[in-house]
Novice: 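Before anything else, here's the structure in question.
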Amino acid sequence: MTPARDYFGEVYDVVRLVPRGRVTTYGAIARYLSLRAGARMVGWAMNASHGHDVPAHRVINSRGVLSGKHFFGGPTIMQQLLEDEGIRVVDDRVVDFTTVFWDPSEELGL
DNA sequence: GGGCTGACTTTAA
DNA sequence: TTTAAAGCCAGCC
């Protein structure tokens, strides 16, 4: 059987589909993968995203806060990356988060 | 092999 | 309203 449903690959794929200037949340991805509360695993996948072409800076928590900004190698790397895409970030929080929020289950179609 | 941790979310009090 | 605890799965020691 082909175990090991590449959860990481699933997450990477979804994150790569996030258009520039938009952001998504761990819960949205987790929910898209039917992981009702496996949001932690999504973040864990991001931890392994280093070395992959995954815009992990577009993945934040449900409050629009850059939770893993410190994991980018700098406390402002993630913020600058988002600002570079046109997303305004203030106090480590995404401005108009609900506006730039990109839901895979909705954009990609349930 | 067993147990702890972790870039979160959601429900309950 | 805010604060607290439980839940989930995979990776690492």
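In what follows, chains carry the letters A, B, and so on, assigned in the order in which the sequence lines appear, proteins first and then strands, with residues in each chain numbered from 1.
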Novice: Starting at CE of M41(A) and ending at P of dC8(B), how long is that distance when rounded to a whole Å?
Specialist: 14 Å
Novice: Between dA5(C) and dT5(B), how far apart are the P atoms? Round to whole Å, please.
Specialist: 16 Å
Novice: Could you tell me how far apart L81(A) (CG) and dA7(B) (P) are, to the nearest whole angstrom?
Specialist: 19 Å
Novice: Is it true that R88(A) and D96(A) make a salt bridge, defined as a side-chain N closer than 4.0 Å to a carboxylate O?
Specialist: no
Novice: Between R93(A) (CZ) and dA7(B) (P), how many Å, whole number?
Specialist: 20 Å
Novice: H50(A) has a side chain; which of dA7(B), dA10(C), dC8(B) sits nearest to it?
Specialist: dA7(B)
Novice: Let's test this: given Watson-Crick or G-U wobble pairing with both distances under 3.5 Å, identify the partner of dG3(B).
Specialist: dC12(C)
Novice: Minimum heavy-atom separation for H57(A) and L82(A), please, with both atom names.
Specialist: O-CD2, 3.2 Å
Novice: Could you check how far NZ of K69(A) sits from C1' of dC8(B), rounded to whole Å?
Specialist: 17 Å
Novice: Let me know the distance between NE2 of H52(A) and C1' of dA7(B), rounded to the nearest Å.
Specialist: 15 Å
Novice: Roughly how many Å is it from CG in N47(A) to P in dA10(C), rounded to a whole number?
Specialist: 16 Å
Novice: Can you check the I29(A) CD1 to dC9(C) C1' distance for me, whole Å?
Specialist: 15 Å
Novice: Is any NZ, NE, NH1 or NH2 atom of the basic residue among R58(A) and E85(A) found under 4.0 Å from an Asp or Glu carboxylate oxygen of the other?
Specialist: yes
Novice: Which is true for A48(A) with a 4.0 Å heavy-atom rule: it touches a base, it touches only sugar-phosphate, or it touches nothing?
Specialist: nothing
Novice: It should be established whether S62(A) places a side-chain nitrogen or oxygen under 4.0 Å from OP1 or OP2 of nucleotide dC8(B).
Specialist: no
Novice: dG6(B), dA7(B), dT9(B): which one has an atom nearest the side-chain heavy atoms of W44(A)?
Specialist: dG6(B)
Novice: Rounded to whole Å, please give me the gap between CD in E10(A) and C1' in dC9(C).
Specialist: 14 Å
Novice: Picking from dG6(B), dA7(B), dT9(B), which would you name as closest to the side chain of N61(A)?
Specialist: dT9(B)
Novice: Counting heavy atoms not belonging to H70(A), are there more than 12 under 6.0 Å from its NE2?
Specialist: no
Novice: Which word best sums up how the rings of F101(A) and F97(A) line up, parallel for under 30°, tilted for 30 to 60°, or perpendicular for over 60°?
Specialist: tilted
